[in-house]
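See structure below.
Sequence lines set the chain letters: A, B, ... in the order given, protein chains first and strands last, and positions in each chain run from 1.
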Protein chains: 2
Amino acid sequence: MPSNPDPADHRPGQVPLLLAIAYRAMTDHFHSRLAELGREPLRPAHGYTFRYLADHPDATTVDLAAHLGITKQAASKAVAELQDWGYVQRRPHPVDKRAQSLTLTKRGHEYVHLADQLWAEVEQRFAEVIGPDRLAALDQDLRAYIDYVYGDQPVPFRPVW
Amino acid sequence: MPSNPDPADHRPGQVPLLLAIAYRAMTDHFHSRLAELGREPLRPAHGYTFRYLADHPDATTVDLAAHLGITKQAASKAVAELQDWGYVQRRPHPVDKRAQSLTLTKRGHEYVHLADQLWAEVEQRFAEVIGPDRLAALDQDLRAYIDYVYGDQPVPFRPVW
DNA sequence: GTGAAGTGGTCAAGCGGGTTGACTATACCT
DNA sequence: AGGTATAGTCAACCCGCTTGACCACTTCAC
């Protein structure tokens with residue numbers, strides 16, 4: 001069990017930075033686990049792409065671009081990479097001859113599954129440090145805030161930077 | 001008071017993403033306040049630069065680069081911008097004739113002060129949503145985790161992306 | 001003291017992930 | 001049928017950062 005920081009060390013306005021640092025630490029952890037397993041160093045945008053494609057079969061490049069908040073050209077480029085690596089397939093769209101239907105390959109689905117496991121691992125490590133009830137509270141609080149800010153609007157994914 | 005999210009909505013591994021989204025929401029809030037006040041749209045790297053220069057008088061560009069985790073060329077460019085905008089001054093270094101001593105101007109210090117206020121505002125909004133004791137707990141928990149991960153090593157600032 | 005190695009800073013070129021703009025082919029509306 | 005909107009591509013550019021080469025000065029070994 002780690003030492004417990006002094007609550008009095010709070011300085012007003014430091015929490016946003018703490019969020020960023022903690023997130024950074026977690027992504028570092030995630031990526032180092034990924035590297036240990038010998039996986040391609042996929043970038044965060046790829047992760048969000050996977051997630052979206054897994055949840056939206058027959059999505060098009062334009063759909064994806066809208067979801068990621070980038071241009072269709074940029075989305076197209078990302079998809080091309082993922083296709084080269086065998087994670088995604090482009091097929092003729094069932095009804096629209098202009099469009100392509102994007103689907104995850106088996107390898108793509110496996111990756112999503114692995115990523116889920118790794119993120120859970122990372123979170124678990126966090127839980128070990130602060131305790132499971134604190135984690136639950138934190139989870140709830142962050143969702144409350146995100147809900148408060150975005151309500152039912154779509155949530156921007158990428159940490160902007 | 002906002003609705004309270006259901007604790008049961010927790011899915012293992014979602015917390016890292018929630019951190020990212022919440023941070024993104026807060027930076028958006030910060031930047032929109034900045035825009036309201038008619039300030040230049042300084043980028044996060046600039047903020048960290050300010051902070052560092054405020055705390056380390058007579059720092060050099062190389063010091064700054066090391067602190068930010070970027071090359072000295074990139075740091076130099078950032079400093080040049082801030083100098084153009086009147087936030088930073090480059091002066092001959094007191095003892096090393098190769099080096100330049102970087103210092104914040106009065107305007108630079110004012111900006112730091114303003115940024116502190118705005119971040120505190122942002123955090124305050126968060127506190128209103130989740131309650132002050134929850135905020136204190138969250139602050140403490142994040143610091144515990146960051147401590148656990150980095151110990152006494154220097155903390156990487158930038159959210160990597 | 002002097003020469004060699006190290007360090008602060010700049011210039012220039014390149015790269016990656018995004019952008020805008022122009023275009024083709026297909027779809028939809030009236 | 002004709003006009004407008006949309007999926008996708010190609011090309012050029014931008015921006016923040018990198019690597020590499022270099023100069024001026026500093027530090028170290030002897």
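Applying the side-chain contact (heavy atoms from CB on, under 4.5 Å) criterion to A74(A), with sequence neighbours excluded, gives I70(A), T71(A). R98(A) is linked by a side-chain contact (heavy atoms from CB on, under 4.5 Å) to D96(A), counting only residues two or more places apart in sequence or in another chain. Applying the side-chain contact (heavy atoms from CB on, under 4.5 Å) rule to E110(B) yields the partners K106(B); only residues at least two apart in sequence or on another chain are considered. Shown here are the side-chain contact (heavy atoms from CB on, under 4.5 Å) partners of R125(A), two or more places apart in sequence or in another chain: H29(A), E128(A), Y148(B). In this view, Y145(A) satisfies the side chain to side chain donor-acceptor pair (under 3.5 Å) rule with no residue, not counting sequence neighbours. Residues passing the side chain to side chain donor-acceptor pair (under 3.5 Å) test with E36(B), sequence neighbours excluded: R33(B).
A close approach under 4.0 Å does occur between a side-chain nitrogen or oxygen of R90(B) and OP1 or OP2 of dT10(C). Of the side-chain N and O atoms in S76(A), none sit less than 4.0 angstrom from OP1 or OP2 of dG8(D).
In this entry the distance linking CD of E81(A) with C1' of dC15(C) reads 13 Å, nearest Å. To the nearest angstrom, P of dG16(D) lies 14 Å from CG of L68(B). Between the CZ atom of R91(A) and the P atom of dG8(D) there is a distance of 14 Å, given to the nearest Å. In this structure, OH of Y48(A) is placed 12 Å from P of dG18(C), rounded to the nearest angstrom.
Distance from the side chain of D96(A) is smallest to dA27(C) among dA27(C), dG8(C), dT10(C). Among the nucleotides dT26(C), dT9(D), dT10(C), the one closest to any side-chain atom of Q100(A) is dT9(D).
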Any N/O pairs under 3.5 Å between the protein and nucleotides 19-23 of chain C? List them or say none.
residue	atom	partner	partner atom	Å
dT19(C)	OP2	T71(A)	N	2.8
dT19(C)	OP2	T71(A)	OG1	2.7
dT20(C)	O4	Q73(A)	NE2	3.2
dG21(C)	O6	Q73(A)	NE2	2.4

Report each atom pair, protein N/O against N/O of nucleotides 3-5 of chain D, whose distance is under 3.5 angstrom.
none

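If A78(A) and T61(B) are placed on DNA chain C by their nearest nucleotide, the residue sitting closer to the 5' end is T61(B).
Screening residues 51-60 of chain B for side chain to side chain donor-acceptor pair (under 3.5 Å) gives R51(B)-D116(B), D58(B)-S101(B), T60(B)-D63(B) as the qualifying pairs, with residues at least two apart or on separate chains.
Using a 30° and 60° split on the angle between ring planes, F50(A) and Y111(A) fall in the tilted class, from 30° to 60°.
Looking only at distances, no side-chain donor or acceptor of R107(B) sits under 3.5 Å from a matching main-chain atom of V88(B).
Residue-level contact check: V79(B) touches neither bases nor backbone, having no heavy atom under 4.0 Å from any strand.
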